[in-house]
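Note that the structure is predicted; figures quoted are calculated from it, not measured. Every chain is numbered from 1, with letters handed out A, B, ... down the list of sequences.
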8 protein chains.
Amino acid sequence: MRRGRVTPRAALEAIAHLPFESIGPATVDHHRGIRQALPEVILCQGKTKAQCVAIARAIVGKSGRLLATRASAEQALALSEAFGADATWNEAARTVVVATSRRRNGSRARAPAARRAGRVLVVSAGTSDLPVAEEAAVTLEFMGVPVKRVYDAGVAGIHRILGHVPALRRASAIVVVAGMEGALASVVGGITGRPVIAVPTSVGYGASFGGLAALLAMLNSCAAGVTVVNIDNGFGAGYAAGVIALRSRPGGGA
Amino acid sequence: MRRGRVTPRAALEAIAHLPFESIGPATVDHHRGIRQALPEVILCQGKTKAQCVAIARAIVGKSGRLLATRASAEQALALSEAFGADATWNEAARTVVVATSRRRNGSRARAPAARRAGRVLVVSAGTSDLPVAEEAAVTLEFMGVPVKRVYDAGVAGIHRILGHVPALRRASAIVVVAGMEGALASVVGGITGRPVIAVPTSVGYGASFGGLAALLAMLNSCAAGVTVVNIDNGFGAGYAAGVIALRSRPGGGA
Amino acid sequence: MRRGRVTPRAALEAIAHLPFESIGPATVDHHRGIRQALPEVILCQGKTKAQCVAIARAIVGKSGRLLATRASAEQALALSEAFGADATWNEAARTVVVATSRRRNGSRARAPAARRAGRVLVVSAGTSDLPVAEEAAVTLEFMGVPVKRVYDAGVAGIHRILGHVPALRRASAIVVVAGMEGALASVVGGITGRPVIAVPTSVGYGASFGGLAALLAMLNSCAAGVTVVNIDNGFGAGYAAGVIALRSRPGGGA
Amino acid sequence: MRRGRVTPRAALEAIAHLPFESIGPATVDHHRGIRQALPEVILCQGKTKAQCVAIARAIVGKSGRLLATRASAEQALALSEAFGADATWNEAARTVVVATSRRRNGSRARAPAARRAGRVLVVSAGTSDLPVAEEAAVTLEFMGVPVKRVYDAGVAGIHRILGHVPALRRASAIVVVAGMEGALASVVGGITGRPVIAVPTSVGYGASFGGLAALLAMLNSCAAGVTVVNIDNGFGAGYAAGVIALRSRPGGGA
Amino acid sequence: MRRGRVTPRAALEAIAHLPFESIGPATVDHHRGIRQALPEVILCQGKTKAQCVAIARAIVGKSGRLLATRASAEQALALSEAFGADATWNEAARTVVVATSRRRNGSRARAPAARRAGRVLVVSAGTSDLPVAEEAAVTLEFMGVPVKRVYDAGVAGIHRILGHVPALRRASAIVVVAGMEGALASVVGGITGRPVIAVPTSVGYGASFGGLAALLAMLNSCAAGVTVVNIDNGFGAGYAAGVIALRSRPGGGA
Amino acid sequence: MRRGRVTPRAALEAIAHLPFESIGPATVDHHRGIRQALPEVILCQGKTKAQCVAIARAIVGKSGRLLATRASAEQALALSEAFGADATWNEAARTVVVATSRRRNGSRARAPAARRAGRVLVVSAGTSDLPVAEEAAVTLEFMGVPVKRVYDAGVAGIHRILGHVPALRRASAIVVVAGMEGALASVVGGITGRPVIAVPTSVGYGASFGGLAALLAMLNSCAAGVTVVNIDNGFGAGYAAGVIALRSRPGGGA
Amino acid sequence: MRRGRVTPRAALEAIAHLPFESIGPATVDHHRGIRQALPEVILCQGKTKAQCVAIARAIVGKSGRLLATRASAEQALALSEAFGADATWNEAARTVVVATSRRRNGSRARAPAARRAGRVLVVSAGTSDLPVAEEAAVTLEFMGVPVKRVYDAGVAGIHRILGHVPALRRASAIVVVAGMEGALASVVGGITGRPVIAVPTSVGYGASFGGLAALLAMLNSCAAGVTVVNIDNGFGAGYAAGVIALRSRPGGGA
Amino acid sequence: MRRGRVTPRAALEAIAHLPFESIGPATVDHHRGIRQALPEVILCQGKTKAQCVAIARAIVGKSGRLLATRASAEQALALSEAFGADATWNEAARTVVVATSRRRNGSRARAPAARRAGRVLVVSAGTSDLPVAEEAAVTLEFMGVPVKRVYDAGVAGIHRILGHVPALRRASAIVVVAGMEGALASVVGGITGRPVIAVPTSVGYGASFGGLAALLAMLNSCAAGVTVVNIDNGFGAGYAAGVIALRSRPGGGA
């Protein structure tokens, strides 16, 4: 293989097309970096109410829409107050979505993408995994991706997931959310040929070690095609699945 | 609750009935402890060939039978040479079983037990888990417990284990052997109401950390009734299942 | 060994007999999975008072009885209020048991089983291990299994456990609950030939690492026949011991 | 949300369409599970030469093609001998690919897919990561997915990866292979809006703890859209990227 | 070596002389085990105020004296109220010592031992280690062992410990209490030829991991003669040093 | 190599020149040892308000200046009250700096050093890392070292750090503060030839394990010249960078 | 408490009496540090045969005696060849002891000490722990301390250790050597009131994690008076026990 | 603070001055990254003999000099053969240095730097740490920095390091190399006010866990100014110390 042929010239040209230049001087704190395909997100955790509202105003002023994740009740109320009827609080998901009228007119790119995006299944094992699953689902909906929720389908009752085989095989991608031993990811991965993104949750106790057991299980999945995100990272899984779905071709199940 | 009423007198009487008194002066190394229901076992690992043969002769001389576990090829050949046709080497299981004619006459207690013992299923996930599964199966057979092997039934192909549902529900106990993410234990535990003993194996790589991933997964199983033994401890799982099966009543599945 | 002969036909038939079909449309959250032999259990942890009561009503309405585990004082009071004199709160065990008159008439299968079930010993090392031990004991009683409690029998005073040798050798199964170094499981496992289910607890400090020390010790027990459940999982140990006891034959000690 | 409406009937129908029924009675060990979109793969690790050849013959006899991963030099030579000119050994990747003439006629589905599949970039940080990167690349090629290799692009010389920004932004998916601190995944994830699949490698020493440092870093990536597979799991990453690429629509960079 | 010659007879005689028989029916919870040389201790942690007082009364009623460790302010006040002027609360050490007039007359064995006991040095590294160091010192004083405290002598100012070399070389034993990197144990161990008992503390942050760093450092001490107790276990270290000091001969330094 | 030639004489002379002799009898609690070049620091964490003020008065009385780190709001207010206008509270950094007029006359050594010290860059990845970065910056300023802050420059937006290349290459030292995956340290280390001191922070969740992920990543940095301090140890990094900067020669970038 | 009164003068005087001044210029590598009471020891591990012999000659030339630990067969043979009949190789313990005639005349201090030293018990759990136990025993013998070996006394056969209760209660100190779950230390600690030094061994597999399970168990022992050394550190335990025994008063058991 | 003002323009200019542009097309693998101040280094580990020689020839052809680290005996001999008398193999350090005549004429920048560089002390604790210490020393010498070695100065014999106090206080930087408990770093850090770079080594056994104990200890050092590199990373520590020394001003000790 050839290598080492990168000249300073080429590097200069490359960086000139980095995705951030269009952000301009109004850079706000997007924690987790510039959301490449999704710049309108803020992580509320670790911010004051005032900071959340200020950053949210900057984003909404620019793009007309916003997804705030890991919002405490206090933060959610502050955002709801700031944006009124444009704000929707999903308490389970700990998210606030803001959608102004300007968005409906202005954000051309998103809606067409949504029309063509494939459907993503969000599957969760138990009731306690629901907040993480909802965070993934809300993220996908914010991206304009159709979502189907299959909750409470843990492997201790294997029939629950088997009832969804056709949907699992037709989805553009599947997000699997599970704590404890995380076995659901392997079972789903064995049923479908579509991309599976596994989210270990911190649900459990004792030797779950805050989600470590589920994390290791998912990384060691005997089913090919399973990839993993950080513990409780519903946003990350939803975003990764959304990126796939937005560009996936329709077609027969596999 | 009452407590503290144990008098020295009671303690004295109790210890007079401890299970070891019948062993007498011929104490040999029994896998680190008196195998309560199975005193004829030696763990070859960490012993020289000569030590293995000497201890084996002492045991066979007393009870007419022997189970040697974790025997290397060298150790197995030495034992085979010492006991001739009475010895059976299971290369996959790394075991040598010795059964002399004296056993058939002398060990009364074992055979009747075997006639009444329930059947145990030994289920394994992948080909690489076979040595551990075989160690469990040979241990059970040595205890006089009927064994059914269901191998290569990992959850990535969920139909493989589903094909054995009736047997899983009728077994006296099930030994589940799996490495990687160990999800098979949860799936089996969700199907059957019978005791499930899970054996994590060191099969895997990277973040399996020598079987830690499967161990943690099995300890966190969402299916009730799953208990766990040490990584790769096929003997321990087989022994524990055998102790249950030897005293379980026959009856309808659950 | 033969394998790979599972046809789609056989898999279909197998799944038709899975244990969940009789549950019907009234599925409620059963501690993450269908409790195969014990569907009337809810795990209160992580649920609101209202959720606990609603699920409890659904279960009691169907089966006339209920075991609620990990109930906070608040949740326990809500359940007590909902079920009145039919509810019994064990504060130490953090359990609420509901038994309606309908149960006494309707649940035929349980009582006969109880009459035939062997006795289980629940042994604990120290006072701080009591909540976990009681959770196991209450679970067993709910299953109709006779229980004998032997508490505060840690190995630092070895006479305390030696005073119970005859009972240990006659039990259908023994649940051993211990934190700190968990040595009690090995001592008990060396005394009895009956199944020993060890529960590490998070009791301890410093290098106990939340129960990890006891967990590892129990997994490495030098006594054969010891199997292990998750840290603080009194319910799981009680359930596993109960499943064994409900089908064990009476007979002489070993 | 509604749940619990899965009837035994529905479950029966679902399982009737599981992806494995077409495999028939000739089940062989497919890397621990049915490779849903890629059934022609064997993991040589842990198998004897004879086993590798036997399984390979069964697969090639059925599908006309084969990918053998983690093949030692010995195993690779045995396969090369068995399949002659149809076999291609990639020593760096430790793979053997078999493609018979029958494949060219018979496997219709694969080639058209390949024509439509998007390109995947395989990016690696250092020379020592090459075997894992090559395993991913060969897997992709076997799936019919076009691959572009960008090797030796670690972040200590940031210009090396910056020279590939346009390609990173146009790929259907990117596989990032890095050991040590695994920072390359975050840098790539910050540059592109396409799916990034990160593979930590065991390259490093001391506090890399066999790849743990890179694994944790990748799971904690500050760039959204990064998902992770097990340490050194080049096959898994290539497969996951391939599944995405085979169904991704062409279109402008992001 | 000979072994296996223990007869049931010998075991019976041995147990008849175990140290617990004199405890009789009034068994109370003695810090999880019979404190062999120190039965008058209770661990308050995990007990209610009422339990602490009840157990304390039982102990004081029998032996006239008591050491309560890990007493919260609340528990300490309850004990002070119960025993009045006989109780002494050491707030830093979180201990309460009770000494009744009956003790001064009745406990003959302790005082003479104290007269002959060698002196123990309790050395600590930083101000934050003081509670653990005081717990050790109070334990020693309760055992009748003379104590010299050398506090705030961490190795970052090496002169501080060097100023105590003669005392270190003449002590019967030294307790070294240190958090963070725990290096003080090695420096002290290199200066003295007397027994050194090291207590890692949970003082520190980040990669101290709750005392793990100090624990590992002390276990790996390059100075011979250093032994280690659990993190923050001041009582255990004081007790172990006391047992040595109570039986050590006077004599020249080493 | 020669060794072992250290005579007691030489050791005596050496210790006579240890840096602590000038401290004299007024030793106060400097936790973390004698701050060799910076004796006027106190760590407030773990101290009462009264202790903080008392120690602060002793230090200020002697040297005219003080740096208090990890000061809670309560502690900071107590110090502000005690020193009035001489005290400056940096709430983000959790520091209080006291500078009396006496300092301006008396502390000759510091000011000239400051005039000659090179500039240090403090670079941080995200908003949540700011407290640690500010602690480093304030420490440097207290040492008289010029500081340039480059905040919110995480690698997910690689352009943010690339905009500071000239400054990175001219600094006397760079402190890099980052949580999550800590990749910023490697990127900075690859850009500059100057000493890089990396501070992992506990910012993150799930598999960041309280900063472990960033710590391991930084220790495994593929860029030479990166050294690491404890998690969240902004003071330590600032101090180490300051010691370098105070004695670094001016000169062209590298 | 008073502190901070150490003057440079006092520190100077203290260091003048450090134990190393009598070593003089002939410093050799003494197991990483001056063995305070035992300077004649070398750790062979990590040294060439030539280095071992050279250092051994230096030590024997000075003191007439030597203890070499962790000697491979090769190193042991080289030492045996060098010292002829004066050398004694204990193959199990991996030690070589050299005792020249000069020792018998010259080393006055050791023999009288031996006459007065109390007896130490070395107790081990299983056959595989023997090398570590023997290393401890040989170390004690080299120090002139009488040793009683109690081997193969693991808790799975509790009668084995109970047969030694009188000896355990009369010993000056007890060294307990155990791998796997290390429960023997707690049982012994509960029987005796004498100092117990526990040595975890790396014997075990799976979740023993190279001795970690036994180490944690011993650190968390519920029996007071148990202190712990590093995994497999027979020398360290023997040395620590010897230091106690050499200065312990004779007297009645406890 | 201001931020977000980086324009694409500024980023473009910045990258135009990155240190790599002068490397040109002859890019070779430089220890995973451009050694900013030291491009002539190769890490032999993981490379074939032929690769080592080829890369070495490329580097020497360009710069006239080379440092090869982690060279096995085989690799070292291949390099020695390739470069003849120009090559110097340090077997202990596992390094090969090549210095051609061209270097003496051509590499102007290095020699003057060397003339002005301050002296670095390399201090090690024990004999087994020597390879890592030598790697650091050789790296420094290669950079033209004067080195003083202080070996075998572990804290168990505290006088050994105290004999070097003046040198420690005058050095430009100190590299401290220690395994086991790593306490030497804290003692050195407490003596000197100069930068201390600590290198944990994998020397030790049992609970040293391959150097983890020393690593954690050094990260938690109670002495300010200590920074840490990866386990066994002598090159990294030497390089970091060299970068400091090359630009440090001469001056009085601190």
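H:L162 is listed as a side-chain neighbour of E:L162, based on a closest heavy-atom distance under 4.5 Å. For the pair H:L216 and E:S208, the minimum side-chain heavy-atom distance is 4.5 Å or more. Residues E:S221 and H:M180 form no side-chain contact, since every pair of their non-hydrogen atoms from C-beta on lies 4.5 Å or further apart.
A donor-acceptor pair is defined here as one N or O able to donate and one able to accept, closer than 3.5 Å; no such pair exists between the side chain of H:N220 and the backbone of E:A214. Although no hydrogens or angles enter the test, the distance criterion places no donor-acceptor pair under 3.5 Å between the side chain of E:E181 and the main chain of H:S186.
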